[in-house]
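Have a look at the structure below, then the notes.
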Amino acid sequence: MATNVTLDNSDFFERVYKVVRKIPHGRVTTYGAIAKSIGAPQAARTVGYAMNASHNLPDVPAHRVVNRNGMLTGKHHFPGRDTMQRLLAQEGVMVEQDCVVNFKELLWLPEPLI
DNA sequence: ATCTTGACCTAAT
DNA sequence: CATTAGGCCAAGA
């Protein structure tokens with residue numbers, strides 16, 4: 001029973017996934033917002049790292065997560081060339097020059113976990 | 001066990 | 001206004 005530890009809710013990654021899964025369809029958020037909502041406003045870097053591991057989880061839309069500038073910094077980590085942009089376009093999110101158009105309006109801020 | 005890297009952010013110069 | 005530096009957490013070598 002003590003062999004499984006990665007499924008613990010106390011894990012940083014699991015917390016990130018939980019928030020990312022809450023991102024509405026056709027909406028985007030930032031790493032900093034996620035980090036802030038989980039109680040680690042300065043651990044935005046780790047959030048991105050968690051996303052990298054979230055590739056195995058189809059429930060975690062990593063393509064909806066961009067940096068605070070609305071830039072698709074992680075698009076290079078997706079399979080193919082513009083998979084991230086394509087996924088966003090499918091949801092109605094237009095991307096120009098690796099930047100989300102109307103990013104400010106499409107930005108969705110998660111509620112802080114109290 | 002230590003060092004380096006990484007899909008970042010904020011503050012200071 | 002643009003650039004630089006520091007900090008944070010986690011995983012790999």
Side-chain angles (χ1 to χ4, degrees):
Chain A
M1 290 299 202
T3 37
N4 265 359
V5 269
T6 38
L7 299 175
D8 206 354
N9 277 7
S10 301
D11 278 358
F12 198 91
F13 282 36
E14 192 59 35
R15 277 187 246 176
V16 175
Y17 300 148
K18 230 173 220 175
V19 178
V20 176
R21 264 182 280 205
K22 282 182 203 153
I23 304 177
H25 177 92
R27 215 60 102 128
V28 291
T29 190
T30 70
Y31 302 95
I34 297 169
K36 209 174 206 175
S37 67
I38 65 179
Q42 270 149 359
R45 232 174 195 196
T46 319
V47 175
Y49 208 86
M51 294 279 92
N52 198 10
S54 86
H55 241 273
N56 264 354
L57 312 171
D59 288 40
V60 180
H63 61 271
R64 288 180 198 157
V65 183
V66 295
N67 70 344
R68 85 137 190 117
N69 248 340
M71 196 182 301
L72 279 61
T73 48
K75 86 172 223 163
H76 252 289
H77 285 259
F78 276 82
R81 258 170 82 223
D82 296 316
T83 306
M84 191 174 183
Q85 177 172 342
R86 203 177 301 164
L87 288 167
L88 286 171
Q90 274 184 8
E91 301 187 353
V93 180
M94 291 193 287
V95 176
E96 286 246 350
Q97 282 186 339
D98 300 356
C99 292
V100 177
V101 185
N102 301 338
F103 162 69
K104 230 176 148 190
E105 296 187 14
L106 295 172
L107 176 61
W108 173 85
L109 296 175
E111 301 172 5
L113 300 177
I114 318 167

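Order of the sequence lines fixes the chain letters, A, B, ..., with proteins taken first and strands second; residue numbering starts at 1 for each chain.
- Of the inter-residue distances, the one linking A:T73 atom OG1 with A:R68 atom CZ reads 12.0 Å to the nearest 0.5 angstrom.
- Residues from residues 98-110 of chain A that place a heavy atom under 4.0 Å from any atom of DNA chain B: there are none.
- In this structure, the CZ atom of A:R15 is 14 Å from the C1' atom of C:dC8, given to the nearest Å.
- Across all their heavy atoms, A:N56 and A:P58 have their closest contact at O-CD, 3.3 Å.
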Item to complete: Verify side-chain contact (heavy atoms from CB on, under 4.5 Å) between A:F103 and A:T30, making sure each step is shown before the conclusion.
Response: CA-CA 10 Å; A:F103 162 69; A:T30 70; 3.6 Å; yes
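- Between the CD1 atom of A:I38 and the P atom of C:dA10 there is a distance of 9 Å, given to the nearest Å.
- Residue A:R27 qualifies as enclosed at atom CZ: its count of foreign heavy atoms under 6.0 Å is above 12.
- For the C1' atoms, the distance from B:dA7 to C:dT3 is 22 Å, rounded to whole Å.
- Taking the salt bridge (charged side-chain N to carboxylate O under 4.0 Å, His left out) definition, one finds that A:R64 meets it with A:E91, sequence neighbours left out.
- When the salt bridge (charged side-chain N to carboxylate O under 4.0 Å, His left out) test is applied to A:R21, the partners found at least two apart in sequence or on another chain are A:E14.
- Residues satisfying the ring-ring contact (aromatic ring centres under 6.0 Å, His included) test with A:F78, not counting sequence neighbours, are A:H55.
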What are the atom names and distances for every N/O pair under 3.5 Å that joins the protein to nucleotides 11-13 of chain C?
unit_1	atom_1	unit_2	atom_2	d
C:dA11	O4'	A:Y49	OH	3.2

Worksheet entry | Where protein sits on nucleotides 8-13 of chain B, one letter per nucleotide: B base, S sugar-phosphate only, - none, heavy atoms under 4.0 Å | BSS---
Item to complete: Could you check A:F12 against A:I38 for side-chain contact (heavy atoms from CB on, under 4.5 Å), going step by step and ending with a plain yes or no?
Response: CA-CA 8 Å; A:F12 198 91; A:I38 65 179; 3.4 Å; yes
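- Checking side-chain atoms of A:Y49 against main-chain N and O of A:F13 turns up no donor-acceptor pair under 3.5 Å.
- Using a distance-only test at 3.5 Å, with no hydrogens or angles considered, no donor-acceptor pair links the side chain of A:D82 to the main chain of A:R86.
- The structure places OG1 of A:T29 at 11.5 Å from CG of A:L106, a figure rounded to the nearest 0.5 Å.
- At a threshold of 4.0 angstrom between heavy atoms, the contacts of A:H63 with the nucleic acid are absent.
- A:A62 comes within 4.0 angstrom of a base, heavy atoms only.
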